[in-house]
Amino acid sequence: MQTRFSILVLFHLISFTIQSQQPDTFGEVTAEELQMTNYPNDSSANAVVLYERGDNYFKVINNSIRIIKEYHVKIKILNEKGYNQADISIPIRKTEKNSEILKDLKAITHNGKNQIRVLSKNMYTTDVHKFASERTFTFPNIKQGSVIEYKYKLISPYIYNFKGWDFQSDIPKIYSEFNAKIPGNYVYNRAMIGSIELDINEADVKSECFHIEGYRSASCEILKYAMNDIPAFKIAEDFMLAPSNYISRLDFELSEYTDFQGLKSRYTKTWNDVDKEFRNDKNIGRQLTKKSFFENHVPETLLSEPNEEQRAMNIYAFVQNHFNWNEKYGIYGKARVKEAFNQGRGNVSEINLSLINLLNAAGLKANLMLMSTRKNGLPKQGHPVMSDFNYCIAHLTIDGKIYLLDATDKYMAFGMLPFRALNYYGRVMDFKNESYWHTIIAESDNIHQIRIQLDFDIEEKKATGMMDITNTGYNAINVRKNINTQTENEYLNSLEDDIEGDFIITDYSRNVEQQTETKTSERLKFELANVLNGDMVYFNPFLISFFNKNPFLLEERNYPVDFGYSRIYKYQTVIKIPDGYALHELPESKTVKLGNNAVEMKFQSNGNEKTVIIQFNLSFNSPHISAEDYEDLKTVFSYVTDIQNNSLVILKKK
C-alpha cells in the first residue's frame, strides 16, 4: 500500500535542528546530545536516533561497477529499556560467486567526555544462510545517557539491489537523511511508502560525474531526501497487516540499464512479459498441464458429478484430505505436483496447483491466483514486482460466480481462505488471456454468540446455569480446530480457564444436527460457587469477556486497523432472581459506534421482580478501519471493556 504523507510536522526540537546542517563527522557529540534526558516528542521513548545519514553511489573498482553504501548513525540511550539498541547486526548479501564487502566499520560509546571504541576483535561475522551473513557487535559500557555511534561502508556488486532507505524504525528519529548519486544509464523506479511527509525532497543533475576508462563519462542524478522528528513505528497492537505496508521508507527498484555501447536491458517487466514467463515456467505454468495424470489417479466419479458446484466441492474436499501441508509456501522454489500427489504431502504451490489441475480436468474453469500473505505485505499494483508474491490459491468460476480456494487447511470451508491469505487482492494468471487483479472479499457471516440462563441456589450459595455457544464462519472453523486437536478434557479445561470465578462445567454436549463446516453449536451446564453471600449480592453477568482489555491504547496510530474479516459478538444472560431477594440496581444501558457504523456496540439491561435480562452486541461491520478513525475506535473499545468488566447486577435481600 503506497501512500503520500498527510500529516504535517507541527514542531521541531529547536536544539536539534542543527543536526540537518551538520557535516557528516564521526566521533563528535554536542553538549546538548550528552545532556539530553528525554525526547519531548515522545515521552515514552527509551532511545532516540539523534542523527542518521546514508550515501549510496556508484564506483568503478578493479574494472567492475560497484554500489557503495555508506551509513552513519548516532543514538541516544534514554533509559535501561533502550539498552537493546546497543546490539548491532549489519546484514551482508552473498552468492556462490560474489559477496558484498564490509569496510571501515567504526563504533564508539560516548559517556560524557569518555569514548570507548569497539575493538575489531569484538566484532563477529557469522553465516545466516547461503545467501547472507552478518557482522555483529555490542557497544560496551552502556548506561543511561550514553550516546552510541557507528559508521561503515558496504561495497556491493548487486546493481539491481540499490536498496532504499527506512526513515521510520522502532525508535523515534530527530533527523534522518538519505543521499544518492545515480549514473544516468541506470534507471530506477522509486516509491515513497508510509504516511509521513518528506521535509527535504531534492533532485538535481550533475554532468560527467561517472567515468569508466575508455568510455564517455555519464551524467548523474543527485538525490537528497530527509525527514525531521520521525515518530517510532510501534508494533504494540494486534489487528494489522504487515508493518512493511506502512513503515515510512523510500524503495528503489532497477527498471532499465543502458550499457556504454548503448545496449538497453529492461528489468521492470510488463504483466504481458510475466504472463508469458509463468506460462512456460517449469514450476508454475508447466505444472498446470498435468490433467491426464490426475484423471488417471483419482476416482472417476470425482470428476463426473453432474452439478458443477458440487463437483468442485467434492474435488476440493478430496485434495484437502489427500494432502498434508508441509508448512512451506514454495512459490519460487521447486514445485512438482506428481511427486507431491504420490507422497500426499506438499507446499502451498504443489497442493493448490494440484487442485487447479483437478478442477480443470473436471471441465471447470480454474486459474492460478498469485498472492501475498498478510505478514508479507501488499503486492505493488503499478508494475510487476514478483518478489512481492509468496503465496498462491485457486480462482474458480462457476456460472459467473467466483470462488477462491486454498486446500492447504483441512478445516477451511469451500470458498473461504485461511486468515493468513486475507490480504486485499491477488493477481489471477489467466494463461489463455491476460492476467488481472482480483479483490479478496472475506466471509462476512462470522458470529460468536453466547446465551446463558442462570438460577441461584440459596442453600448452597451458588449459581447453576446453562450456556449455549454458537459460532459461524471463521469463528466456527477455529472452534472445530480446537475441538479436533485436543482431547475433550483439554478442551473443556481451556473453556473453564476463560471464565471468571469458581466456574465448573458439569455437562457438555454438541448439537450434531446443527453442526456444519461453518457452524458449531455447543451446550454447557455449569455451577458457579460463592455467589450469594450476605444481604447484598454483586454479580457481573459477563461470565465471558470478548475483550477484557482495550486492544487499542496507542496515543497515535498512523496505519489502519485490519480485522481481516467482519465479525459480530453477541451475549445474552437471563438471570432468575432467587426467592428472598429483590433487584436493587442494574448497569446503565449504552450504545456507542464509529461515525460510519464500521464498529457498533449496544448494551441493554432490563429487569423486573423475577428476571434480569442482559444483552450485549458488538459488531465489526467493516474489517478495515482507517487510521483517521483510530481515536474513535479506541473510545468505542474503552466502553466495550468497561461494560464487560464493571457491569454489576445488584440484588438485595428482602
Side-chain angles (χ1 to χ4, degrees), residues 1-13 19-20 39 41-42 44-45 47-54 56 69 71 73 75 91 161-180 188-203 223-253 255 372-383 385 387-388 423-425 552 554-562 624-631 633-634:
M1 182 176 293
Q2 301 178 22
T3 54
R4 285 286 175 182
F5 291 134
S6 58
I7 300 174
L8 297 178
V9 178
L10 299 179
F11 62 91
H12 301 291
L13 288 177
Q19 292 286 359
S20 62
Y39 179 48
N41 284 12
D42 184 355
S44 66
V48 59
V49 171
L50 302 171
Y51 173 80
E52 180 185 46
R53 175 170 171 163
N56 282 17
K69 305 175 183 182
Y71 181 74
V73 66
I75 302 171
N161 186 39
F162 185 77
K163 196 166 171 55
W165 185 255
D166 290 342
F167 287 100
Q168 212 170 10
S169 71
D170 60 339
I171 61 173
K173 299 179 182 181
I174 292 173
Y175 182 74
S176 180
E177 176 184 309
F178 177 71
N179 299 279
Y188 288 86
N189 292 323
R190 64 202 70 169
M192 190 68 210
I193 312 296
S195 60
I196 308 175
E197 194 171 58
L198 287 164
D199 290 294
I200 298 176
N201 182 357
E202 297 176 354
L223 306 172
K224 182 175 183 179
Y225 305 98
M227 288 185 187
N228 294 303
D229 302 323
I230 309 164
F233 188 88
K234 299 179 180 179
I235 311 175
E237 297 184 339
D238 295 328
F239 306 118
M240 66 177 293
L241 296 180
S244 61
N245 295 318
Y246 313 115
I247 290 178
S248 292
R249 69 183 190 276
L250 186 65
D251 281 351
F252 284 82
E253 180 193 16
S255 171
S372 176
T373 56
R374 292 171 66 88
K375 290 184 178 181
N376 192 58
L378 289 165
K380 298 176 185 66
Q381 291 184 292
H383 59 275
V385 181
S387 59
D388 284 353
N423 199 27
Y424 281 81
Y425 52 80
F552 306 110
L554 294 177
E555 290 184 14
E556 184 179 21
R557 177 163 164 161
N558 296 319
Y559 50 92
V561 173
D562 191 282
H624 316 299
I625 310 297
S626 69
E628 289 76 14
D629 288 328
Y630 179 75
E631 194 62 36
L633 179 67
K634 187 163 60 171

Side chain proximity check, [X] to [Y], heavy atoms < 4.5 angstrom:
X	Y	answer
Lys234	Ser44	yes
Arg374	Asp562	yes
Phe252	Asn56	no
Leu198	Leu250	no
Ser248	Ile230	no

Is it the case that atom NZ in Lys634 sees more than 12 heavy atoms from other parts of the structure closer than 6.0 Å?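 Check passes, neighbour count above 12.
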
Backbone N or O of [Y] within a donor-acceptor pair of the [X] side chain at under 3.5 Å?
X	Y	value
Asp388	Lys380	yes
Gln168	Arg249	no
Ser176	Met227	no

Set of side chain to side chain contact (heavy atoms under 4.5 Å, CB included) partners for [X], sequence neighbours left out:
X	result
Pro243	Phe233, Ile235, Met240, Ile247
Glu202	Ile200, Lys224
Pro172	Tyr39, Asp42, Ala45, Val48, Ala232

Over 60° means perpendicular and under 30° means parallel, so classify the ring planes of [Y] and [X], tilted if in between.
X	Y	value
Tyr559	Tyr246	parallel
Phe162	Phe178	perpendicular
Tyr71	Trp165	tilted

For the residue pair Pro379 and Tyr425, what are the closest heavy atoms and their distance? O-OH, 2.5 Å

For the residue pair Leu223 and Ala203, what are the closest heavy atoms and their distance?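 So the two residues come closest at CD2-CB, 3.7 Å.
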
Between the side chains of Thr373 and Asn376, does any donor sit under 3.5 Å from an acceptor? no

Distance check, rounded to the nearest 0.5 Å: [X] atom [atom1] versus [Y] atom [atom2]?
X	Y	atom1	atom2	answer
Glu52	Lys173	CD	NZ	3.5 Å
Glu628	Arg557	CD	CZ	12.5 Å
Asp229	Ile174	CG	CD1	7.0 Å

Could you go through the side chain to side chain contact (heavy atoms under 4.5 Å, CB included) check for Asn245 and Tyr424 one step at a time? CA-CA 12 Å; Asn245 295 318; Tyr424 281 81; over 6 Å; no

Start with the C-alpha distance between Tyr175 and Asn228, add both sets of side-chain angles, then the distance that settles side chain to side chain contact (heavy atoms under 4.5 Å, CB included), and finish with yes or no. CA-CA 5 Å; Tyr175 182 74; Asn228 294 303; 3.0 Å; yes

